[in-house]
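Input: a single structure, listed below in structure tokens.
Quick note on labels: first sequence line is chain A, next is B, and so on, each numbered from 1. A quick note: this is a predicted structure, and the numbers were derived from the prediction, not measured.
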2 protein chains.
Amino acid sequence: MNADRQGRATIKDVAREAGVSAMTVSNVVNNKTQFVGAAARARVEAAIERLGYRRQASARNLRGAGPRSIGMVIVDESPAFLANFFTAQLVAGLANVLNRADWTLTLSGLPPDGLAASALMRTYDVGGLCAMVSGAPEARREVLRRLCGLGQPVVLFQEVVETEGLDLCLVRQDDEGGGRRVGEHLARLGARSVLAMLPRQSWPAIENRLAGLAAGLGGAPRAAISVDHDDFSAVQEALGAWIAAHGLPDAVWGANDQIASAALLHLLDRGVAVPGRVRVVGFNDFPAHRHARPRLTTLASPAYELGERAGEAMLRRLEGGRFETQDLCLPVAFLPGETG
Amino acid sequence: MNADRQGRATIKDVAREAGVSAMTVSNVVNNKTQFVGAAARARVEAAIERLGYRRQASARNLRGAGPRSIGMVIVDESPAFLANFFTAQLVAGLANVLNRADWTLTLSGLPPDGLAASALMRTYDVGGLCAMVSGAPEARREVLRRLCGLGQPVVLFQEVVETEGLDLCLVRQDDEGGGRRVGEHLARLGARSVLAMLPRQSWPAIENRLAGLAAGLGGAPRAAISVDHDDFSAVQEALGAWIAAHGLPDAVWGANDQIASAALLHLLDRGVAVPGRVRVVGFNDFPAHRHARPRLTTLASPAYELGERAGEAMLRRLEGGRFETQDLCLPVAFLPGETG
DNA sequence: CTGAAAGCGCTTACAG
DNA sequence: CTGAAAGCGCTTACAG
């Protein structure tokens, strides 16, 4: 590692090589063209090329305006914290916006109880934090409390909390509007008895979708049951049990595509005509499901755009000293398929 | 941002608050217990808690052994560079290993021609680089050349290249062995005419799978055709055209599950019995496909473990000055389903 | 337009 | 076991 250190050219090496001062090199590297003559500039650029000079971020950050990296924390029970397509898209959008602005993304996944002892809490190495938090409501609130206690700007995805007085911005999709769209669609088609299937874990996004559904239907759905949405067979058993007790509904709405797909296949296995006898609609389109037969009617999530907008909001916050808006909500698009 | 700076406690603040020198604070923070008395330690820890002190990574890295972050570069045509489940799992495994060791992951996605101008090339802010590169062979080679030219340790995923004399470690799964497993399985079941369906883009992993398949079958498959693996209908049309010209094969092997799923659904749509008349086998299990009916016979990729192993190899390289091994290859597991 | 000095917040190397 | 000094590689603030 001494080898690494010794091999690395510094700003002084470049200055010597180009026959200018270190300041001039710095000005060239930072594109402060007004301070550097064309000739000096050319010589510096040649020297940089020759020596393979790369500016050391640590040194720049120390003297300059702080770290040029944004942290993205995904709080998840599972170590496979990017397995969810929604999260993966969101992270990609965020990373791309930051990279384009010459910022960096520092990514980490943590279990709900791992935040307190994490390096994130003990070290200052990012200029701001974005967070996507799952888990029980109290655990989520605790995570948010800790993050906001850091005294750094925070962007929180897919939550609705009080932002008054906090250096906090909410970035989310219009789950309520999406739910309403589903409700209106089903109502228009004459569906009267609608079964809503929700993940067991309560979650603002899900609650908003359900509230929207009720608004669109013009009243609460016939029933709303909770299922283990990660367990394909459990979803199917729950649906089977409900049908055994109450008969076939006119429509099943899955609060996400995993649930809706499982429900769909259960109905098809029973020989139920979809959408003839029962309509099935999902939420948050995943490409893998789009390919299944029949194609699920669902809503397209702007996950990638959520990441982009979060990045932009954070960069402007860092520049301007405050979030311009503290609640950013993007629309979800209705995606007609063959099941609803 | 002055507000941020002013509000942040430094090591000196903690030292003053605890009535010790800055050195002692540093020793406590770094767990150099042999240099600090219990009493001093307790006072420092209380002061840290009271002031909400967090060590500034930039300052530490500047004087210390360099940046404590590893870069992960995903070179991809698409901005949605985490859309592939394989990649997402791999990144999660890598991030978790690094975080556990108090290292950080710096993530970026770039188009093949974007690397040259990227901040990555102009800035030194990570101690080593991991890379997952897609695209045409020449473009991939160029990316690798640039990365290795940085004078930093590089871990390359899913490639087989010469490592002699390079500060480079290959981390991959045993695609050849997986292919052989499929071939042996199909041969044992008596399949004689096997159609292999490959992505259009050539790619070492795919070639290895195909070579393994041939070895397992005891000879080349009946035919190998290239398809746009991201285009569901294109895959189906290609299969339809092949069958129109050559009749039904005994088995179809898709070089990945996307292809195999599309092929499977095409066969079922035609009323072909699977696996009675035609067997279908995939590669690289994705959870979304696992839920389809009938369940695809495929191979489980150790993507998450690849990320973990890469992280471990990199950390040891940074510690020890060289990669202990330059070629790490993990097995893939056969995952029996209902289609083959 | 160019440069010499000071300093960012830590850790290294050394003295007590 | 504890601390004063020097320095990591940049940028800021200022003088010419």
(request) Would you mind reading off the distance between A:D125 atom CG and C:dG9 atom C1', rounded to a whole angstrom? (result) 14 Å

(message) Within 45 degrees of the ring normal and closer than 6.0 Å to the centroid, is that where the cationic atom of B:R172 sits relative to B:F157?
(response) no

(request) Would you indicate whether B:R309, at its atom CZ, is surrounded by more than 12 heavy atoms from other residues, nucleotides or ligands within a distance under 6.0 Å? (result) no

Under 3.5 Å between N/O atoms: give me all the protein pairs with nucleotides 11-13 of chain C, atom names plus distance.
from, atom 1, to, atom 2, distance (Å)
C:dT11, OP1, B:N30, ND2, 3.2
C:dT11, OP1, B:R55, NH1, 3.0
C:dT11, OP2, B:S26, OG, 2.4
C:dT11, O2, B:R63, NE, 3.3

(request) Establish, with yes or no, whether the OP1 or OP2 oxygen of D:dC8 is under 4.0 angstrom from a side-chain nitrogen or oxygen of B:Y124. (result) no

(request) Answer yes or no: is there an ion pair linking A:E312 with A:R316, defined by an N-O contact shorter than 4.0 Å? (result) no

(message) How many whole angstroms separate atom CD1 of A:I48 from atom P of D:dG9?
(response) 16 Å

(request) Measure the distance from CG on B:D13 to C1' on C:dC10 and round it to the nearest whole Å. (result) 13 Å

(message) Distance check needed: C:dG9 P versus B:L62 CG, whole Å only.
(response) 12 Å

(request) Answer yes or no: are there more than 12 heavy-atom neighbours, outside B:E162 itself, under 6.0 Å from its atom CD? (result) yes

(request) Would you mind reading off the distance between A:K12 atom NZ and D:dC10 atom P, rounded to a whole angstrom? (result) 10 Å

(message) One thing to verify: whether A:D167 and A:R317 come together as a salt bridge, which I'm taking to mean a side-chain N less than 4.0 angstrom from a carboxylate O.
(response) yes

(request) Inspect the contact between B:R50 and B:E17 and indicate whether a charged nitrogen and a carboxylate oxygen are less than 4.0 angstrom apart. (result) yes

(request) Nearest whole angstrom, please: distance from the P of D:dG9 to the CD of B:Q56. (result) 17 Å

